Amino acid sequence: MGITATHMLIPGLPLLAFLVNGLFGARVIKEKAHWIATLAVAGSWLLSVLTVLDVLGGKTYYGDVYRFITSGALKLSVGFCIDQLTVVMLVVVTTVSTLVHIYSIGYMHGESGYWRFYSYLSLFTFSMLMLVMSNNFLQLYFGWEAVGVCSYLLIGFYYNKESAAIAGKKAFIVNRFGDFGFALGLFLVFINFGSLDYKTVFAALQGWQSPVLHVMGFDIDRITLIALLLFCGAVGKSAQFPLHVWLPDAMEGPTPVSALIHAATMVTAGVFLLARCNPIFNMSHTAMSVVAVTGAFTALFAATIALVQTDIKRVIAYSTISQLGYMVLACGVGAYSAGIFHLYTHAFFKALLFLGAGSVIHAVHDQDIRNMGGLFRHMKTTAITFWIASLSISGFPLLAGFFSKDEILWLTYASHGSLGKVLWMVGTLVALLTAFYSFRLIFLTFHGQFRGGHEKEHHLHESPSVMTIPLIILCVGSVAAGWVGLPPALGFENHFAHFLMPVVGHPEAHGSHGEELMVMLLSIAVGLAGIGAAWMLYGKKSDIPDRLAAALNGVPYRWLQNKYYLDEFYDAVIVRPVIWAARNVLLPITDGTIIEGIVNGLPKSIGWFGEKLRSLQTGVLHHYATIMAAGAFALVVLALALMGGN
Amino acid sequence: MVPVTWYMALSAAVFAIGVFGFVTRRNVIIMFMSVELMLNAVNINLVAMSHYLEDIRGQIMVFFIIAVAAAEAAIGLAIIIALFRNRPTAHIDEIKEMGG
């Protein structure tokens, strides 16, 4: 069915709020900016819920709204596709966005640039909604880049702070690497299928024989190439290895931004892309394996780093990368619905963790967990919700994270071939690490003695209710969000996977219910083991962590603390050579000699020529007459010479 | 019957005298007369050719040229008089304000 005004208003309202706040925020609206932005996004949320009910009733919508370029075969439109996958994203984006808007009223209170913050948030929400609601690749790309810009703007929100400005640039530039591949992928899609429209492209895939390309001695299916290039974009946006380096630094932004953009919504765009383009990925076994291995490796890689970080937001950031790895892994084994399911539950508990961390930072004015401890007594709501979110992410039975993570682990285990078994083992190991670092964070932050000094302890306080109420709502989500996708092994029907089936199909699972129960029990066991280990090391008073750090000082410990020196590696291999080339080649030669030579040389030579020409203009009439006569004579001679033969 | 080449030689001679006068003399009035000479050299040429080719259109053209020359003379003299009012000389070398 066609698109209606209701659908267009979902991204339209935040866009309107952005325009109003952006144009009038500085002079007129100022401290009231949150009213416009929050009401707009709440309106989007309401309309999204109505749309969900509509789609639950079996209706889907698809259509172009406005064609803005027609050039030969290239037809570019603004269009929407409202299907099962889209509405899941709509719920996630608008719910978390609304709660973050409300939370920010408390968190950002009194900040300079308050209106700026809210106009960026609205712009982000608009862009993200355009991304997920798009019915063609170009609009997807538009949303993709627009959320990238908003991410850049919001990371660098405190632009006076040099580290924030650098982190914003880093996020933007690292994403360029991925997006370059993504853009090439789109070009290939257009070349091969003559369209960027989802339906047209996916229909053309049916029975398409992909030509084999010979690239540097390798034979690559063109469909594999397309899939891998699209995956490049996902690697950048969803912070997968090796382009994950921007996400931890993105924590320089205000904490609500970290919750909304760098945990719940924007970074999941890559997973959404994989699910949306599942017909393309399904055609290439190679690309799927690359996706799965990248996801599993990233999950493990980031989880190990999270073990030793001491900045509360960075621990959660690495946890986000790790969980995104899970989602990518799920897509890589064909279990798109499980990936999206984890995306959906993760949005609740990860946004909650970030907002809880924000609440803690609001109270302590510090981000280093070594200077915290014992906060449970002072901020009960924050602490309890943080506990529940951590239990959820650790896969504690019956909480949201348990069902989604378990489904990923099971479908990885049950996927085709021995690769699945290896990846499942990695995934289970990551589950152990996840529980460990999450509860290390809890014990260091909320339990034990406060380590930040008496003066500060005196000022500890719970955050205002405008901040705690979103925490409570997200907490409900972290508990109950998973109940829409209960595992069949326990005798339930997985409504969530069933709902998404028309879009992403059904994953193949080779295995019995018994095996599924075994996988489930094992993941519960490792989760509890991780929590127990964290309690042993950090919950009780113990010097084991210090002794361990001292014993493993060197390769494991210092490498982890320095994030495997990957930033240093990139700095040495990419950043420095580029800066060197800019200083020594581009600046003096390209810019200094060639460009400046042209730019300055052109007026100079015109001036020189004019100077010469000027001396002809003597003002003496006889000179003119002589030149004219000579010219006429020359013309006659020329004419006679040319006609000489006749 | 005078051959047409004689007329053309005369025309060329008158034209050359005009050019020579225009280039070498310094008096504005003389230069002006030289221009008229050149115009009339053209006229001689046109009339001779018209007669030779038995085509009356050449002579009609000459009437136009005479009319234009008259208009040009009127304007030219007006300019010269305007010049004299502003400076007491007819010596062209002293007038070169337009020089670059």
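Values below: every heavy atom of this structure, side chains too, minus hydrogens, waters and symmetry copies. Everything numeric in this text was worked out from a predicted model, so none of it was measured. Lettering of chains follows the sequences in order, A, B, ..., and the numbering in each one begins at 1.
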Is it true that, when you exclude Arg576(A) itself, more than 12 heavy atoms of the residues, nucleotides or ligands shown sit nearer than 6.0 Å to its CZ? no
What is the distance from atom CZ of Arg26(B) to atom NE2 of His622(A), rounded to the nearest 0.5 Å? 4.0 Å
Is the CZ atom of Arg116(A) crowded by more than 12 outside heavy atoms at less than 6.0 Å? yes
Inspect the surroundings of CE in Met8(B) and state if more than 12 heavy atoms from other residues, nucleotides or ligands are less than 6.0 Å away. no
I'd like to know whether OH of Tyr158(A) has more than 12 heavy-atom contacts from other residues, nucleotides or ligands below 6.0 angstrom. yes
Using a heavy-atom cutoff of under 4.5 Å, enumerate the residues of residues 9-19 of chain B that contact chain A, numbered in order, or state 'none'. Val19(B)
Might you confirm whether atom OH of Tyr152(A) has over 12 heavy atoms from other residues, nucleotides or ligands at distances under 6.0 Å? no
Within 6.0 angstrom of Lys604(A) NZ, more than 12 heavy atoms from elsewhere: no
